[in-house]
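Have a look at the structure below before the remarks.
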Amino acid sequence: MPRILTIAAAQLGPITRSETRPQVVERLIGLLQQAKQHGCELAVFPECALTPFFPHWWIEDQAEIDSYCESSLPGPETQSLFEEAARLGIGFCLGYAELVQEGEQTRRFNSAVVVEQDGRIVGHYRKVHLPGHADHRPSNPFQNLEKRFFEPGDLGFPVFEVFGAKTGMLICNDRRWPESYRCLGLQGCELVLLGYNTPRHYPEYPETDRLADFHHQLSLQAGAYQNGMWIVAAAKAGVEEGVEQIGGSMIVAPSGEVVARATTLGDELLIHRCDLDLCRTYKEGVFPARNRRVESYGRLTQT
Ligand code: CDV
């Protein structure tokens, strides 16, 4: 029996600052319904999929920052998403800003959950690689304040047995780091669910702007091939509150081939029937464990 999982990358167009959580959740529900109609078992939403990408703005009022975060999931405004997914019998991966109260301490993470077809949360990940800066840079056209608003993830790179696949999650900047994929690949991961918000312009290094799409695709293809994993990458795309984001959602096979690609910068589904057994060719055939030379890799963890 082939192990086929039909998956949708559920790209989102921009979310405006004035859009309410219930309005965004309606958009997500609409995409889930379409994905189900097309036979999908799982849909992947972008990073911070419930709000505009607020680290692009300098915000001093902590209450306002926290208004972009979820203190419970599902919560009162996201319950309908979980209920509709369970009713449809479709799983999903959702990026969100997480607020946790631990005694006196309030902690915030850039997080994602994976939800089974019965609406249960079965996996949780907190973004490890936070890009940007913590200080205000008013001369830049927009900010990148993830280092101010979030802590680095403290859950490592967990792999979950869900949808019949060894499944991991990455969030945006994680996809540029070989270590992220490697930590998943070394656990036998077959499927990576990834959401992102990538601006076209990098204020400190504008020479990379013309290469933004290329570097995005290069990272996904290398990560997929070198670890023999499927990668389903869903963007928040288009011009969001004046910030142009690249879009370019795609599904990449363990061969490194792009098998589905977004053609718009709006809400869009791209769908592929992912054969999980394709991973074996690369995990066992091209990169067999017996060929690894761990005695030569010490520098990876010593520096
Ligand atoms: N949300 C992100 O992590 N964005 C980064 C940008 C800021 C470089 C990215 O790697 O796409």
Side-chain angles (χ1 to χ4, degrees), residues 9-15 44-59 65 68-70 93-98 108-112 125-137 139-153 155 157 168-181 183-184 192-224 231-250 252 262 265:
Q11 175 174 286
L12 289 176
I15 298 176
V44 181
F45 291 113
E47 172 188 35
C48 291
L50 296 166
T51 63
F53 197 66
F54 61 97
H56 287 159
W57 314 316
W58 177 256
I59 308 172
I65 296 167
Y68 293 107
C69 300
E70 311 304 309
C93 174
L94 179 74
Y96 67 108
E98 179 186 5
R108 296 166 192 83
F109 298 96
N110 187 342
S111 298
Y125 171 67
R126 290 172 171 163
K127 182 176 183 176
V128 167
H129 299 100
L130 298 179
H133 45 92
D135 55 316
H136 191 198
R137 302 192 178 174
S139 57
N140 286 354
F142 58 91
Q143 307 297 303
N144 257 318
L145 292 165
E146 288 193 60
K147 282 199 169 59
R148 183 176 190 86
F149 295 159
F150 301 121
E151 292 178 46
L155 302 175
F157 295 96
M169 287 172 273
L170 296 177
I171 302 179
C172 198
N173 195 256
D174 288 327
R175 77 190 185 289
R176 304 187 190 276
W177 297 81
E179 293 88 344
S180 311
Y181 300 105
C183 286
L184 294 174
V192 181
L193 314 178
L194 184 150
Y196 62 98
N197 283 266
T198 294
R200 180 162 305 284
H201 178 48
Y202 191 163
E204 285 78 13
Y205 299 95
E207 62 273 25
T208 65
D209 292 2
R210 73 181 179 87
L211 299 167
D213 300 288
F214 168 65
H215 289 156
H216 158 62
Q217 184 167 330
L218 176 69
S219 306
L220 297 180
Q221 290 187 285
I231 302 182
V232 180
K236 172 96 76 54
V239 180
E240 185 179 81
E241 297 292 345
V243 181
E244 183 191 350
Q245 307 217 89
I246 61 169
S249 300
M250 60 182 74
V252 185
L265 292 171

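One-based numbering along the sequence shown. Atoms within each ligand, like the ligands themselves, are counted from 1 in listed order.
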Q: Work out which heavy atom in Ile65 is nearest to a heavy atom in Phe149; give both atom names and the distance.
A: CD1-CE2, 3.5 Å
Q | Arg148: partners by side-chain contact (heavy atoms from CB on, under 4.5 Å), with sequence neighbours left out | A | Trp58, Ala134, Leu145
Q) Do you know which two heavy atoms are closest between Gln143 and Asp135, and how far apart they sit? A) OE1-O, 4.0 Å
Q | For the student: nearest non-hydrogen atoms of Ser249 and Gln11, plus distance | A | OG-OE1, 2.7 Å
Q: Not counting sequence neighbours, which residues clear salt bridge (Lys or Arg N to Asp or Glu O under 4.0 Å) with Arg108? List them please.
A: Asp66
Q: Quick one: list whatever passes side-chain contact (heavy atoms from CB on, under 4.5 Å) with Glu204, sequence neighbours left out.
A: His133, Arg137, Asn140, Tyr202
Q: Would you check ligand 1 and list the protein residues that come within less than 4.0 Å of it by any heavy atom, ordered by chain and number?
A: Glu47, Phe53, Lys127, Pro131, Asn144, Glu146, Cys172, Asn173, Arg175, Arg176, Asn197, Thr198
